[in-house]
Amino acid sequence: MDLLEGLNPPQQQAVAHSEGPLLIFAGAGSGKTRTLTHRIAYLIEHGTSPHRILAVTFTNKAAKEMRERLEKLVGPVAKRMWLGTFHALCAQMLRIHGDRIGLNPRFSILDSDDQLRAMKEIVKDANLDSDRFKPSVALSKVSDAKNDLLTPEQVALRANKPHEKVYANLYARYQERLRANSVMDFDDLLVESVRLLKESPETLEHWSDRFKHVLIDEFQDVNEAQFQWARLLSGKHRNICVVGDDDQSIYAWRGANVKIILDFEKIYPDATIIRLEQNYRSTQNILDAAYGVISQNAGRASKRLWTEEKGGAQLVLHGALNAQEEAAYVVRQVELLRREEHLGFGDFAILCRVNAQSRPFEEAFLRSRVPLKLVGTQRFYERREIRDVLAYLRWIYNPDDDGALKRFINVPPRGIGSATIDKLEGMAREQNRSVGAVLLDNGSTGKALAPTVARKVEPLQRLMRHLMDDAQKSLNLTDLMDKILERTRMLEWLRGERDADSVDREANVEELVRACEAFDLRLAEDVDELGETSEIWNEGDPLRLGMFLGDVVLDGAGDKDNSKNQSDEAVTFMTLHAAKGLEFPVVFLAGVEQGLLPHSRAVFSESASDEQLEEERRLMYVGLTRAEKRAYLTYAQQRTMHGRTETTQTSQFLEEIPAHLLEREGLAKAGQGGFMARSSEWENAGRGAGRGGYRERVESLPRPTFSAASSSSGSASSGSVREANAKAPSFRVSDKVRHKTYGDGLVVAAAHQGGAGEWVEVAFLTGGVGKKKLIVAFANLEKVE
DNA sequence: ATGCACGTACTTTTT
DNA sequence: GTACGTGCAT
């Protein structure tokens with residue numbers, strides 16, 4: 001196969017580049033992933049063993065996609081490549097060699113919720129007022145420090161003001177606590193990996209010798225620790241290939257440092273630099289608009305996207321009266337374009353700055369019966385019940401992980417509350433070991449606890465011992481998980497819970513079991529295909545558990561399409577951040593207002609800076625460059641935020657788009673107030689005459705309404721709910737129902753499952769109730785025609 | 001130990 | 001406007 005075929009000249013150059021540092025500026029839609037995968041395949045084809053290639057991404061999704069595309073190019077040997085996220089790769093390295101710098105290789109990984117719990121306890125233990133020293137603030141300072149590879153001591157030395165010293169102290173305590181429990185937070189994985197490479201020369205030699213080529217995706221988002229790590233690993237062969245786009249750097253607030261990509265040349269003066277500027281996604285008009293915006297940023301690497309798709313539709317700027325009208329407008333445009341341009345719902349995306357913008361859209365789409373799917377909301381492995389079950393698993397893997405223990409200690413409820421936990425922690429401290437160790441030790445708790453307390457604790461201790469035992473005897477992960485669920489009676493407990501969410505929770509736990517099965521299966525398959533156990537997983541059974549836990553914590557993405565009510569063919573709603581890397585024929589950028597985009601925190605707050613404004617501008621740029629054919633920019637003249645309705649100003653970024661590229665609609669029409677919006681003419685403009693602008697345009701459009709919704713298609717007769725409940729579900733999706741307190745709503749999901757019986761999810765249209773899950777037997781719903 | 005009520009705060013969230 | 005967390009009362 002000719003790996004250079006079908007690539008443009010700069011892409012070919014990037015693919016065929018042989019040795020030495022390589023920086024690829026890959027603009028939006030410039031075929032970045034294609035170039036990267038072809039380059040890797042090219043390396044393999046030219047004799048580099050996959051085993052000696054390290055490819056790093058930021059997300060599991062990107063890693064997975066790259067792996068799949070590579071397997072298509074080079075076959076299953078791609079599996080032997082080290083390809084993964086920074087965090088996952090670091091975790092693996094630390095499990096293999098972490099003992100060389102005194103780490104317990106069976107560390108567990110804290111997720112952000114665990115981190116917060118830990119920090120809250122630290123703040124409390126330090127007798128500090130958690131209002132003055134917020135755990136979340138402390139954590140972000142800790143994270144900043146770690147991103148810059150600063151130890152607690154270094155932070156303490158730099159601290160001048162008293163409160164900085166306090167935070168430095170909290171960092172130190174937090175770190176002590178983590179190490180004592182053999183746990184690491186996300187940032188530690190990087191920090192400790194760098195330390196490992198720096199402090200253990202033979203480890204550095206081992207890995208840097210091995211990795212002939214190091215490739216890094218989304219390089220604009222790396223932080224100092226990540227760069228140091230990659231730099232060390234590529235130090236021997238100096239084949240470091242980085243791909244990124246400074247214009248799409250939107251994670252500075254998480255420690256990403258754009259300067260690293262911008263200064264790459266300074267660090268590697270012999271670096272080859274390639275720019276991928278041909279865009280295969282958008283029309284020239286969209287690119288020009290995007291360029292108008294992004295070119296206002298200072299200090300960016302100079303480049304400009306171009307395409308063979310000359311011209312294209314104008315971008316549309318629509319001003320609406322308020323957020324509801326804004327959403328209604330988008331719905332109408334979707335319906336119109338879908339019919340006139342034969343597009344599917346899946347061809348549309350609505351991008352927003354903040355998730356709080358979603359409500360009006362959800363309501364408007366619900367009403368019009370156009371399917372809408374919200375992405376990036378809650379993640380599977382972050383659900384409470386999942387984390388509770390996983391806590392058992394984590395603790396089995398690492399019995400010193402008190403965070404995990406405290407999470408499951410009273411789930412399901414077994415009468416152990418904070419008082420008891422305090423007592424146990426006190427004992428643990430006295431004996432200088434973990435709570436888990438104390439509880440596992442038969443003799444140690446007996447006399448120290450009051451009999452009434454001991455009676456509650458003993459069954460727990462028995463359970464814990466059994467679980468440890470189960471871990472030894474289990475054949476695989478699924479087997480162990482089954483035993484945990486059986487012994488804890490978790491499913492039975494969830495089933496007994498009477499709230500509507502318990503239905504979901506039970507289903508989620510079952511989903512987790514399926515994830516375990518998939519994991520076991522994948523493991524078996526990989527072993528099969530490669531004819532051997534891969535080095536990562538062939539370290540005995542406990543590590544297999546560690547692998548899974550690593551996957552789970554590090555792969556927040558477990559957020560399947562958790563949906564029975566969200567079809568694949570649906571309009572997508574998401575934040576600009578979540579949209580990075582995606583593309584849609586039609587994009588709506590909603591809320592193009594001062595305060596929202598750019599966000600108020602970047603403009604009005606006292607900490608606002610040019611850097612922040614520039615990042616907001618990059619967000620706008622990312623949003624625009626998602627669009628293939630059409631881009632709509634919408635704003636609401638009045639918006640309710642934090643319970644207050646205010647008149648808005650249009651985004652300053654709009655003025656950066658060349659005027660001829662913009663078609664103004666609704667209140668944005670010249671003379672309708674929209675154009676003047678940034679002065680203060682709004683008051684009068686909108687209310688009376690202003691509306692006309694879109695009214696005329698819109699009235700002719702068909703607009704499915706509520707009453708048109710079919711609820712009659714042969715479903716059960718609407719008699720008593722209870723009587724119907726015994727048989728087939730009496731409610732189906734799209735039924736209109738009435739609830740005595742919530743009012744009228746629309747059934748958006750219905751099922752008959754679990755111990756709680758039939759349940760429905762109802763989107764209430766009155767009084768901002770939103771969506772609620774209801775158990776039919778309890779909810780006393782009435783069907784209305 | 002659990003439930004309710006009041007107060008507060010509230011971008012974005014790859015791992 | 002809401003959602004969550006803390007604190008008090010049962």
Side-chain angles (χ1 to χ4, degrees), chain A residues 56-64 84-91 109-116 120 124 130-131 134-136 139-140 143 146-147 184-190 217-218 220-223 225-226 248-256 323 351-357 359-360 376-379 381-382 410 413-421 452-453 456 550-559 574-581 591 595-605 607-608 612 615-616 618-619 622-623 639-645 767-770:
Chain A
V56 196
T57 62
F58 272 85
T59 67
N60 292 290
K61 196 175 150 220
K64 196 174 157 223
T85 64
F86 278 101
H87 297 270
L89 294 166
C90 283
I109 302 168
L110 251 50
D111 64 28
S112 24
D113 186 54
D114 301 320
Q115 284 185 59
L116 195 61
K120 277 181 181 163
K124 203 171 157 205
S130 62
D131 287 330
K134 288 201 178 63
S136 57
L139 274 180
S140 82
S143 183
K146 289 180 177 178
N147 287 161
M184 302 221 191
D185 64 21
F186 290 128
D187 299 321
D188 281 337
L189 296 171
L190 262 306
D217 194 14
E218 304 280 12
Q220 76 280 356
D221 287 335
V222 296
N223 61 39
Q226 288 161 333
Q248 294 186 69
S249 166
I250 54 175
Y251 285 103
W253 49 276
R254 284 190 101 225
L351 309 182
C352 62
R353 178 67 242 264
V354 299
N355 283 123
Q357 283 171 261
R359 231 129 293 167
T377 34
Q378 92 271 62
R379 290 190 281 185
Y381 290 113
E382 278 172 13
N410 200 33
R414 40 178 82 94
I416 297 176
S418 54
T420 308
I421 294 172
T452 49
V453 181
K456 307 272 193 195
D551 272 12
V552 159
V553 185
L554 294 175
D555 183 0
D559 66 341
M574 63 187 145
T575 63
L576 287 162
H577 286 88
K580 195 171 81 163
L596 215 43
L597 184 66
H599 194 272
S600 55
R601 287 285 243 267
V603 189
F604 302 126
S605 88
S607 63
Q612 285 179 53
E615 181 144 320
E616 297 294 312
R618 291 192 290 266
L619 271 172
V622 166
R639 189 178 291 275
T640 307
M641 290 195 86
H642 315 315
R644 202 168 274 284
T645 302
V769 183

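Note: hydrogens, waters and symmetry copies are ignored here, and every other heavy atom, side chains too, is used.
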> So, for T57(A) and T59(A), which heavy atoms are closest and what is the spacing to 0.1 Å?
Replying inline: OG1-O, 3.0 Å

>> Is the shortest side-chain heavy-atom distance between D188(A) and K146(A) below 4.5 Å?
In response: yes

> Minimum heavy-atom separation for V622(A) to K580(A), with atom names?
Replying inline: CG1-CA, 4.1 Å

> Would you find a donor on one side and an acceptor on the other, under 3.5 Å apart, between the side chain of E615(A) and the backbone of A252(A)?
Replying inline: yes

> Where do N147(A) and G255(A) come nearest, in terms of heavy atoms and distance?
Replying inline: OD1-CA, 3.5 Å

> Rounded to whole angstroms, how far apart are NZ on K64(A) and P on dT15(B)?
Replying inline: 13 Å

> Rounded to whole angstroms, how far apart are CG on D187(A) and P on dT13(B)?
Replying inline: 18 Å

> What heavy-atom pair brings N223(A) and A225(A) nearest, and what distance separates the two atoms?
Replying inline: OD1-N, 3.0 Å

Polar atoms only, N or O, under 3.5 Å: list the protein pairs with nucleotides 1-4 of chain B and their distances.
residue : atom : partner : partner atom : Å
dA1(B)  : OP1  : G415(A) : O            : 3.4
dA1(B)  : OP1  : G417(A) : N            : 2.6

>> Holding to salt bridge (Lys or Arg N to Asp or Glu O under 4.0 Å), I want the full list of residues that pass it with R639(A), two or more places apart in sequence or in another chain.
In response: E326(A), E593(A)

> In whole angstroms, how far is the P atom of dT15(B) from the CD atom of E218(A)?
Replying inline: 12 Å

>> Rounded to whole Å, how long is the line connecting atom CD of Q115(A) with atom C1' of dT13(B)?
In response: 12 Å

> Over how many whole Å does the gap from R644(A) atom CZ to dG1(C) atom P extend?
Replying inline: 11 Å

> What pairs with E616(A) under salt bridge (Lys or Arg N to Asp or Glu O under 4.0 Å), at least two apart in sequence or on another chain?
Replying inline: R353(A)

>> Please give me the minimum heavy-atom distance between G591(A) and L596(A), naming the atom from each residue.
In response: O-CB, 3.6 Å

>> Whole angstroms only, please: what is the CD-C1' distance between Q357(A) and dG1(C)?
In response: 16 Å

>> Suppose you measure atom C1' in dT11(B) against the same atom in dT6(C); what distance do you get, rounded to whole Å?
In response: 24 Å

> Would you say the side-chain atoms of N410(A) pair up with the backbone N or O of G415(A), donor to acceptor, closer than 3.5 Å?
Replying inline: yes

> What is the distance, rounded to the nearest whole Å, between atom CG of D217(A) and atom C1' of dT15(B)?
Replying inline: 15 Å

Would you tabulate the pairs of protein nitrogen or oxygen atoms and nucleotide nitrogen or oxygen atoms of nucleotides 5-10 of chain C closer than 3.5 angstrom?
none

Could you run down the sub-3.5 Å N/O contacts of the protein with nucleotides 5-12 of chain B?
residue : atom : partner : partner atom : Å
dT11(B) : OP1  : R601(A) : NH1          : 2.6
dT11(B) : O4'  : H599(A) : NE2          : 3.1
dT11(B) : O2   : R353(A) : NH1          : 2.7
dT11(B) : O2   : R353(A) : NH2          : 2.4
dT12(B) : OP1  : N355(A) : N            : 2.9
dT12(B) : O4'  : R353(A) : NH2          : 3.3
dT12(B) : O2   : W253(A) : NE1          : 3.3
dT12(B) : O2   : R353(A) : NH2          : 2.6

>> When the P atoms of dT12(B) and dG5(C) are compared, how many Å lie between them, rounded to an integer?
In response: 16 Å

> By salt bridge (Lys or Arg N to Asp or Glu O under 4.0 Å), which residues pair with D114(A), not counting sequence neighbours?
Replying inline: R387(A), R394(A)

>> Without decimals, in angstroms, what is the distance between L189(A) CG and dT14(B) C1'?
In response: 14 Å

>> Check this one for me: any side-chain N or O of N60(A) less than 4.0 Å away from OP1 or OP2 of dT15(B)?
In response: yes

